[in-house]
Every structure is written in structure tokens, then in C-alpha cells.
**Student:** 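Attaching a single structure in C-alpha cells format; questions to follow.
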Number of protein chains: 2
Amino acid sequence: MKKNATMANNPLPAIKDAAALVASYPKMPLTVDCVIFGFEENELKVLLIKSDLAVYNGQLSLLGDIVKNEEELDAAAYRILKERTGMNDVFLDQVRTFSNPLRHPGGRVITVAYCSLLNVRHHELKIHDNDLNWHKVSTLKTMAFDHKEIIDVCYKWLQKRIQEHPLGFNLLPEKFSLRELQNLYEAILDIRLDRRNFRKKFASMDLLIDIDEMEQDVPHRPGKLYKFNFEKYEKNKKKWIGIDF
Amino acid sequence: MKKNATMANNPLPAIKDAAALVASYPKMPLTVDCVIFGFEENELKVLLIKSDLAVYNGQLSLLGDIVKNEEELDAAAYRILKERTGMNDVFLDQVRTFSNPLRHPGGRVITVAYCSLLNVRHHELKIHDNDLNWHKVSTLKTMAFDHKEIIDVCYKWLQKRIQEHPLGFNLLPEKFSLRELQNLYEAILDIRLDRRNFRKKFASMDLLIDIDEMEQDVPHRPGKLYKFNFEKYEKNKKKWIGIDF
DNA sequence: GCAAAAGTGTTGTCCTTACACCCATGC
DNA sequence: GCATGGGTGTAAGGACAACACTTTTGC
């Protein structure tokens, strides 16, 4: 095989020094922002801090940080989650990358949005730097950077995703009642669902384990508690085929 | 409102110089790679070039380029598509960002994958730099960089997406027969479909316009030709609700 | 007339929807 | 005993899957 394809024979010369090529590329700062959803009091919430930046004057902001030099994006997202909440056994998904040159007041910063769901109760916020706290998604006002837009995109992603994957269970306690489950879906999808049909639906999926316990301390007839059967779900994951638009 | 929250009162000081903050961030080269699918001879194809890099010795590579300093990612993707194929009236979607520090032999390069579908016939390849050409997706071997992985991810994205959105029509001529449409779905989803049920399905959607023309030059009974009714589709876009996993 | 694909209906099954009453508990 | 939500069944309609024969054209 010819080692030296020449410029004369090829439309473009083979590039031998890949490092020099990369060195010639423009470089930009890259961050990860985590949209961490929780569910509490029948409301979808999101974990936010107050922005450090003076220009934003204490407006709310997502949990974000730079991506380190040799760090993968996924790793950066897990690191941020861990640093901010202490959790590390959590699901995280990359949603989209945002690149508006004006999205950061300090100059161009590209950011990759990750989405995560976690159970508010499992996670008693111990760190309160920058007023880390849960905020209702439905009443968010303007936020620092383009973070409102990022949350909107992630919220739509969640609405779609939760219908096709059992994500919701990450937002609930390990043991939950069907009422709680339905409240969750109603809140996230922003619709009302028929209670009987909802229960029938989940009964027919056969993915809930009846653990033979009842709710405690409710001011009405207590409901049965269930766990989600993740094992069975993983085994029978369906390949969904159905043209529909 | 206090303008000077001090370090003494706040867990973290407000940062006044956003530009200095950003300047302190690590910076990385950022590229866009376009996965451009086409359909020809009942096969899904993808537009590839031969890599410029000597280390890859002519292996196949996606169409990619750096993101310019003040350029949006979407704009970069459209620019690449335009530069390489001459097309600019095309749909493009961001799929995912890839960040493995070893994905580029010249050092760390982050890349954002975009996916596009275009009609092979509308686009007679005039530019043949670096052997720009269509390649069957089903028989791709190893490729330069992590481009095989990127294509795999985009292919899965396409399989899902085409079931929920009328993307497929971007791959077909403006006028197409039901047979062609079915072949397209069968090829992309890699399944067989019942012809009668397939036709019934599309008939019931009522999104195909019967243009009262027939196929020409086929060695068998010619089929009717249709156009897709994009206008009607846009008007009636459904909000799909249905928990299913 | 033969090869190749177009075109077309029915049936059973399953899933979804709509809808109303009694039950268990806390107060 | 009353308020609150828990728990349950059925009937109708719609979507999907399975399935075979006749028609049209090129050669």
C-alpha cells in the first residue's frame, strides 16, 4: 500500500500530523447542566441554585459545571450530581447540547444538558450552598442564562420519555400506592386519567409487585403498596413497532 | 436590593466578572458530524467520505467540520451539509454529543452528531472530494474515529423517529408508490410488513394525496403514485398520549 | 401465458374508553 | 356518620394481525 499519496494524485493530501490539525481548531469552554426533577406534594419540581453571577442578581440556575480536560460528558454529569446531592446511584440521560453564542454573559460557553429524576425523600438536602432547593416546574419565571429554555426542553423530553420507559418510579418512594403513581403521571403529563383504566393498565402490564403492605397515616382508607419489578421489565423490554404520527 | 452581597454573608461570593470566569474554563475543540441517510435500491445508505488522516489510511468517515467561533451548532450542521452536498432545504436534527477523550487521534475533540435524510435522486453528487459517496448502512465495517458508533446511534434514532414522524418521505422522490414506501419502512426497521395492513394504515391516516398518476417503466403492473400531505400533517399533528413500556 | 407486483375485505383479538357503585378508614 | 379516597366490572368502539384471490402490465 502506498504510504505517500501525494498532492498530485489526490484531491486532498493525507494529513500526517493529527495533533497539529486538532491544535489548529478553535476551542471553546464546555459545561454540563443537570436538570434534576423530583416529585413532592403532587407537583413536579426541579433542583435549582441561585446563580453566582452578579449580573443575574440571584436568579435561579441549574446545577452546572465545567467539563474537565479529560473528562467524559457522562462522567461530568454524574460528578455534578454527586457533588451537589451526594447521590450516585441515579439514572442520567443526555438530552441536548445548547450553543447560542450569547447564552452566557461571560462569552461563548457550550453546554450539554443532562436530565435526571430523583426521589425527593431519599435525598434530604444537606448541602445548601447557593440556596440549593426544589422549585415547582409549573411556576418557574425567568432564570439565569438560557436555563429556562433548557428546562422546557428537558420537561418535554421527560413527558415523552415517561410514557415509554418506567422512569416515573425513580421519582417515587420504593413502595408507593397506585394513587401516588397516577398523581405522578397526571402531574407530569398535565392531564387527568381515569382511575379504573389507569389501574387496569398497570395491572395488565404485570410489572408491579404487591408487597402486601398498606399505606399508613392517611386520613382515609389506606391503599395497597407496590414496588416496581425492574427485573422483569428489563427481561421483557419490548421492541416497540407501530407507525403512528 | 443589596448590590454587594459580601463573602461574610453568603456561602459564595457573587462573581462580578463573568468574562474572567469564562476565560478560566478549560477549552476544547468542537466539531459537528453529519449522518446523512439516503435510500436507493431498497437499501438504506449513508453519505461518507474517505478520511483525510493518514492514520486512518483511507477508512470511511462522516462529513464533519469544526464549529466556528461564533457559530451555532445547527448552523454549522447546515453549513456542512450545504458545502458537501449543495443542499440547503433539508431537515436536520441534533442527535447526541460524543465526548470520549480518545475518539480523535489528534487529541480531545468533542463532536455533536446531526442526522439528516435526503433523497438520493434529488442530489446527484457533483462534488467528489475525498470519494464522497453513498454506502450501504447494513454492511459498514470499521470506520475512522468513533464514526461507526455514531452511525449506530443515529440509525437507532432514525428507527424510532420514523415510526413517530413522517421522516421517511424525505428519502423518497416527491411522487412515490405505496410499494416504495413500504420498502422504505421495511428496510429501515428491518422487518417484514403485511402489504394489505400497511396500505390500510396509510389509507386511514389520510395523509397521502392520490395524484392520479401511475408508475412508468416498471416490468409489471404499475402502481399509483402519491404525494405526502405535509400541510395536513402539520395542521393535525397529534399529541400522543399512551403509557406503554 | 407467464412472471411480478397491484389492489382489495373480513374476521377475531386486543386495547382503550367511558362510566357508577360499594368499601375501609380517620376524624 | 361523614368525608375521603380505595377498589372493582362491563360494554362499545377502534386498532391491529392474520389471511387469499383477482387484476394489470411487460415480456
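So you know, we letter chains A, B, ... as the sequences are listed, proteins then strands, and number each from 1. Because the structure is predicted, anything quoted here is derived from the model rather than measured. Note that these values count all heavy atoms, side chains included, but never hydrogens, waters or copies made by symmetry.
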**Student:** Under 30°, 30 to 60°, or over 60°: which ring-plane class applies to A:Tyr233 and A:Phe228, parallel, tilted or perpendicular?
**Tutor:**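 Answer is tilted, since the angle falls between 30° and 60°.
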**Student:** What is the distance from CG of B:Asp210 to P of C:dA6, rounded to the nearest Å?
**Tutor:**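 Taking CG of B:Asp210 and P of C:dA6, I get 15 Å after rounding.
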**Student:** Measure from the side-chain N and O atoms of A:Asp210 to the backbone N and O of A:Asp212, and report whether any donor-acceptor pair falls under 3.5 Å.
**Tutor:**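 Confirmed, A:Asp210 side chain pairs with A:Asp212 backbone.
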**Student:** Could you tell me whether the side chain of A:Ser51 and the main chain of A:Gln59 form a donor-acceptor pair under 3.5 Å?
**Tutor:**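 Not confirmed, A:Ser51 side chain does not pair with A:Gln59 backbone.
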**Student:** To the nearest angstrom, how far is A:Leu193 atom CG from C:dC15 atom P?
**Tutor:**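 A:Leu193 atom CG is separated from C:dC15 atom P by 18 Å.
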**Student:** Heavy-atom nearest nucleotide on DNA chain D for A:Gly223 versus A:Asp194: which residue maps closer to 5'?
**Tutor:**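 Result: A:Gly223.
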**Student:** Would you call B:Asp65 and B:Arg84 a salt bridge, taking side-chain N to carboxylate O under 4.0 Å as the test?
**Tutor:**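 No.
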**Student:** Measure the distance from CG on B:Asp244 to P on C:dC14 and round it to the nearest whole Å.
**Tutor:**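 From B:Asp244 CG to C:dC14 P: 16 Å.
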**Student:** For B:Glu215 and C:dA6, what is the distance between atoms CD and P respectively, to the nearest whole Å?
**Tutor:**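 Rounded to the whole Å, the gap is 7 Å.
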**Student:** So, the side chain of B:Glu174 versus the backbone of B:Lys227: is there a donor-acceptor pair under 3.5 Å, distance only?
**Tutor:**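 Pair absent, no side-chain N/O of B:Glu174 close to backbone of B:Lys227.
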**Student:** Would you please test A:Ile162 and A:Leu117 for side chain to side chain contact (heavy atoms under 4.5 Å, CB included) and show each step?
**Tutor:** CA-CA 11 Å; A:Ile162 200 176; A:Leu117 310 179; 6.0 Å; no
**Student:** Could you list, one pair per line, each protein nitrogen or oxygen that sits under 3.5 Å from a nitrogen or oxygen of nucleotides 25-27 of chain C, together with the distance?
**Tutor:**
none

**Student:** Find the bend of the helix from C:dG1-D:dC27 to C:dC27-D:dG1 as the angle between its two terminal axes (five pairs each), to the nearest 10°.
**Tutor:**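 It comes to 0° between the two terminal axes.
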**Student:** Nucleotide range of DNA chain D contacted by chain B, 5' to 3', under 4.0 Å to a heavy atom?
**Tutor:**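 Range of nucleotides within reach of chain B: D:dC16 to D:dG26.
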**Student:** Name the orientation class of the two ring planes belonging to A:Phe145 and A:His147 (parallel below 30°, tilted from 30 to 60°, perpendicular beyond 60°).
**Tutor:**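 Rings of A:Phe145 and A:His147: tilted, as their planes differ by 30° to 60°.
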**Student:** Which part of the nucleic acid, if any, lies within reach of A:Arg195 when heavy atoms closer than 4.0 Å are counted: base, sugar-phosphate only, or nothing?
**Tutor:**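 Counting heavy atoms under 4.0 Å across all strands, the contact made by A:Arg195 includes a base.
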**Student:** Using a 4.0 Å heavy-atom cut-off across all strands, classify B:Lys200 as base, sugar-phosphate, or nothing.
**Tutor:**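 Base, at least one base heavy atom under 4.0 Å.
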**Student:** Establish, with yes or no, whether the OP1 or OP2 oxygen of C:dG7 is under 4.0 angstrom from a side-chain nitrogen or oxygen of B:Arg199.
**Tutor:**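 Looking at the OP1 and OP2 atoms of C:dG7, one of them is under 4.0 Å from a side-chain N or O of B:Arg199.
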**Student:** Give me the one residue out of B:Lys201, B:Lys200, B:Lys232 that meets salt bridge (charged side-chain N to carboxylate O under 4.0 Å, His left out) with B:Asp206.
**Tutor:**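 Only one of B:Lys201, B:Lys200, B:Lys232 forms a salt bridge (charged side-chain N to carboxylate O under 4.0 Å, His left out) with B:Asp206, namely B:Lys232.
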**Student:** Round to a whole Å and report the spacing from CG of A:Asn197 to P of C:dC15.
**Tutor:**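 So the two atoms are 13 Å apart, to the nearest Å.
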**Student:** Would B:Asp152 and B:Lys156 pass as an ion pair if we require N to O under 4.0 Å?
**Tutor:**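 Between B:Lys156 and B:Asp152 there is no salt bridge, as every charged N stays at least 4.0 Å from the carboxylate O atoms.
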**Student:** Could you tell me whether a side-chain N or O of B:Tyr114 sits under 3.5 Å from a main-chain N or O of B:Asp74, the two making a donor and an acceptor?
**Tutor:**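 Pair found, side chain donor or acceptor close to backbone of B:Asp74.
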**Student:** Whole angstrom is fine here: how far is it from CZ in B:Arg196 over to C1' in C:dA6?
**Tutor:**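 B:Arg196 atom CZ is separated from C:dA6 atom C1' by 12 Å.
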**Student:** Please report whether the ring centroid of B:Phe169 lies less than 6.0 Å from that of B:Phe176.
**Tutor:**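 When the ring centroids of B:Phe176 and B:Phe169 are compared, they turn out to be within the sub-6.0 Å range.
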